[in-house]
Amino acid sequence: GYQTNGSLVLATSEEEIKHLEELKQRGETNGVQRLRIIGRDELIQMEPHVAPDCIAALYSPDAGNVIPYEYTIALAENAVDNGAEVRIRREVTAIAEDGDTFVITARHWEPRAYVDATAPPVPATPATPWAPLAAIAALLAIAVALSSTLAGLTGIDPIAIIAIAGVLCIILSALIMKSRTAPPPPAAPGSAHDHLPVGSGGKAVQLEHMRTGGSGSADIHDGVTFEMETVRARYIINCAGMGADKIANLIGDFSFKIKPRIGDYLLLNRNQGHLTKCTLFPCPGPLGKGVLVQTTLWGNLILGPTARDAHLPEVMAETPEQIQAFILSKCRKLVPGFDAKEVIHAFSGARAKSSRNDWIIEPSEKHPRFIHAAGIDSPGLAGSPAIAVELVRLLRAAGLDLPPNPHFNPHRAPIIRPKDNWKGLRAGPPGKVLNPSENVVCKCEKVTEAEIVDALHRSLPIDSTQAIRKRTRAGMGHCQGDVENYNCECRVADIIARELHIPPAAVGRRPWPATSTLPQRWLQPQHKEQLHRLMAE
């Protein structure tokens, strides 16, 4: 979804008001309409919770916001619906030329948990023929040795005793052979509840992981190489984000280097979302727009981001507490009344800044059909439609014929259905509510089984609770999938396993800590008190 909520750049001094005038003039030059500078009285009327030292603001009423990953998923899904092919878990390792064609080699990997859970059973060791024969020989020898004694005790002919023993040995050896060659009994289907969510320990996402998928990278999931694939293409668009320089290097292009700038966020509960309507920015500094306060599309209050240049050793040495304190102190200067104890999640990402300090949208100097869309840092999301138009122009200039698709469908149906509180919804233990449209799988966000099934059977591949989380918001609420609350992550995993016909253990789970700066997924009172103290520092 998208909401037009407006934005305010706040000023706390006459010097900053002068800067607002410069920003207004720059925006108008770039075609931004309806910009105006408002005074203290109007600002307080619009945003009563802003800091008391804010004396003016640059107001942009047409500004809005989206959820970045929802936007990206929607675009990718629509592309596949219109004929594109998406291959996940591929890491490009080499690019060569064969005539007028690029030959791209990619490593196809899958998570270790998936590989282990879906591997075919190890065949039973075939029975060796000498084992039952040895048993027969031993039993017959005993029967022969004891036949005279048994005959004296029972009055049965010794030859008959030996014959009876021989028949019993044959039957016993047949049973031994059958038991050794029969397939094992089928395993019970199991449940995702046998694999509870992880909220402590685990692998932290490092900077290098962000170059190849972040929390979805091969290293984080102990990726196992399935095969090396080869793809042939006449044109390549290098839009590899943090890895764009490495992809360029594969064709001998060393014209730029990606210099990551990490942005950290804190997400607060929905009960804090009322503290602002507009997106609130400080007066910008040399590193960008600064740390902002914003109510998300779904009603949470979000604080951030930082702007930590990863090539600086002192930046990479910062502790989680220092990062949290920085965010909280900066945002307190905009909206002092939020409650830091209501933090429910923390995450970070890396902006793919380039050594050129600008976006790189151009053909490579090494090949005209290798086109860069690299170094796209903020505001890359807002600029993405215009970037796409420019890439189409560059492809055409390089010789690609791109006739319009008369059957193109620009529409992509939403997954999340609007809810009227709990009307028409029911919660209960797994299996109790049989109507998927009524069966609530995540209580915090009121996500239904029907929404999860819908997401699973769309055109993009999904095999993890994390993928469902980012499409339906199951697990996004204030309890963060707490096992002791409603355990929605396991409920989601069971549905994925059922719909995809895979073992529950093969379903990917939300990794922890991933990029979080929090000490654990489910914060305890002492952790919340620490955040409160950091805000006061």
Side-chain angles (χ1 to χ4, degrees), residues 72-73 76-77 79-123 187 195 202-203 205-253 367 369-371 373 455-468 470-471 493 496-497 499-511 514:
T72 307
I73 290 168
E77 192 176 284
V80 174
D81 290 342
N82 283 285
E85 179 184 354
V86 171
R87 299 186 186 182
I88 61 173
R89 301 181 184 129
R90 267 69 169 183
E91 180 181 352
V92 175
T93 59
I95 301 175
E97 287 188 64
D98 181 12
D100 65 348
T101 303
F102 293 107
V103 181
I104 305 159
T105 302
R107 171 198 176 206
H108 173 201
W109 66 273
E110 293 292 342
R112 168 68 65 183
Y114 177 87
V115 173
D116 291 345
T118 59
V122 178
H195 309 275
K203 289 186 177 180
V205 171
Q206 305 297 330
L207 188 63
E208 282 307 306
H209 299 143
M210 293 184 181
R211 295 185 183 274
T212 54
S215 61
S217 66
D219 286 346
I220 294 298
H221 292 275
D222 295 323
V224 176
T225 300
F226 258 42
E227 60 182 333
M228 299 302 290
E229 289 184 349
T230 298
V231 177
R232 302 178 72 88
R234 294 190 63 238
Y235 299 84
I236 292 177
I237 296 177
N238 175 18
C239 52
M242 286 269 291
D245 53 352
K246 290 190 174 183
I247 296 298
N249 295 167
L250 294 177
I251 67 163
D253 185 339
H367 202 297
R369 287 186 280 107
F370 188 102
I371 298 174
L456 282 168
H457 293 289
R458 295 204 175 195
S459 50
L460 288 179
I462 297 174
D463 61 5
S464 71
T465 60
Q466 185 78 329
I468 287 294
K470 292 190 174 182
R471 287 161 172 81
I496 295 173
E499 294 296 312
L500 301 187
H501 308 289
I502 60 176
V507 176
R509 298 304 194 90
R510 178 178 171 184

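Because only heavy atoms are used, hydrogens play no part in the values below, and waters and symmetry mates are left out as well, while side chains stay in.
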Trainee: Any donor-acceptor pair under 3.5 Å linking the side chain of K203 with the backbone of D222?
Mentor: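 Not at all, since once roles are kept as given, no pair shorter than 3.5 Å links the two residues.
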Trainee: Taking all atoms of both residues into account, what is the closest heavy-atom pair of S464 and A467, and its distance?
Mentor: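 Looking at all heavy atoms of both residues, the shortest contact is OG-N, 3.0 Å.
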Trainee: P511 and A514: which non-hydrogen atoms are nearest, and at how many Å?
Mentor: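 The answer is O-CB, 4.0 Å.
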Trainee: When rounded to the nearest 0.5 angstrom, what is the spacing between CD1 in I104 and CG in L250?
Mentor: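 Reported value, rounded in 0.5 Å steps: 10.0 Å.
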Trainee: Is any side-chain heavy atom of P111 closer than 4.5 Å to one of R89?
Mentor: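 Result yes, sub-4.5 Å side-chain heavy-atom pair found.
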Trainee: Atom OG1 in T93, atom CE in M228: separation rounded to 0.5 Å?
Mentor: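 Atom-to-atom, T93:OG1 and M228:CE are 3.5 Å apart.
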Trainee: If every non-hydrogen atom of A493 is compared with every non-hydrogen atom of V507, which pair is closest and at what distance?
Mentor: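 Closest approach of A493 to V507, heavy atoms only: O-CG2, 3.7 Å.
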Trainee: How about I247 and F370: do any of their side-chain heavy atoms sit closer than 4.5 Å?
Mentor: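 When only atoms from C-beta onward are counted, F370 and I247 do touch, with a gap below 4.5 Å.
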Trainee: Would a distance-only check, ignoring hydrogens and angles, find a side-chain to backbone donor-acceptor pair under 3.5 Å from H221 to S215?
Mentor: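 Checking the backbone N and O of S215 against the side chain of H221, a donor-acceptor pair under 3.5 Å is found.
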Trainee: Are the side chains of T118 and E110 in touch, meaning some heavy atoms are under 4.5 Å apart?
Mentor: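 Side chain of T118 against side chain of E110, heavy atoms only: no contact under 4.5 Å found.
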Trainee: For F102, does its backbone N or O pair with a side-chain atom of R369 as donor and acceptor, under 3.5 Å?
Mentor: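 Answer holds: no.
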Trainee: Give a yes or no on whether the backbone of I88 and the side-chain of R90 come within a donor-acceptor separation of less than 3.5 Å.
Mentor: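 Indeed, once roles are kept as given, a pair shorter than 3.5 Å links the two residues.
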Trainee: Between N249 and D253 (side chain of the first, backbone of the second, donor and acceptor by atom type, cut-off under 3.5 Å), is there such a pair?
Mentor: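 Here the side-chain-to-backbone pair exists.
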Trainee: Can you tell if the side chain of M242 reaches within under 4.5 Å of the side chain of L207, non-hydrogen atoms only?
Mentor: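 A side-chain contact under 4.5 Å exists here.
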Trainee: Quick check for you: to the nearest 0.5 Å, what is the distance between D463 atom CG and L500 atom CG?
Mentor: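 Between D463 CG and L500 CG, I get 7.0 Å after rounding to 0.5 Å.
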Trainee: To the nearest 0.5 Å, tell me how far I220 CD1 sits from H209 NE2.
Mentor: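 Taking CD1 in I220 and NE2 in H209, the distance rounds to 4.5 Å.
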Trainee: So, are K246 and E208 salt-bridged, with charged N and O less than 4.0 Å apart?
Mentor: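 Salt bridge flag = yes for E208 with K246.
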Trainee: Will you find, in the side chains of T225 and R107, an N or O donor that is under 3.5 Å from an N or O acceptor?
Mentor: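 Yes.
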Trainee: May I have the step-by-step check of side-chain contact (heavy atoms from CB on, under 4.5 Å) for L460 and R471, ending in yes or no?
Mentor: CA-CA 11 Å; L460 288 179; R471 287 161 172 81; 3.7 Å; yes
Trainee: Roughly how far, to the nearest 0.5 Å, is the CG atom of L456 from the CD1 atom of I496?
Mentor: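 If we round to the nearest 0.5 Å, I496:CD1 and L456:CG are 5.5 Å apart.
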Trainee: Does the side chain of I462 reach to within under 4.5 Å of the side chain of K470, using non-hydrogen atoms?
Mentor: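 The answer is no; the side chains never approach within 4.5 Å.
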Trainee: Any side-chain heavy atom of E229 sitting closer than 4.5 Å to one from R87?
Mentor: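 Side-chain contact under 4.5 Å: yes.
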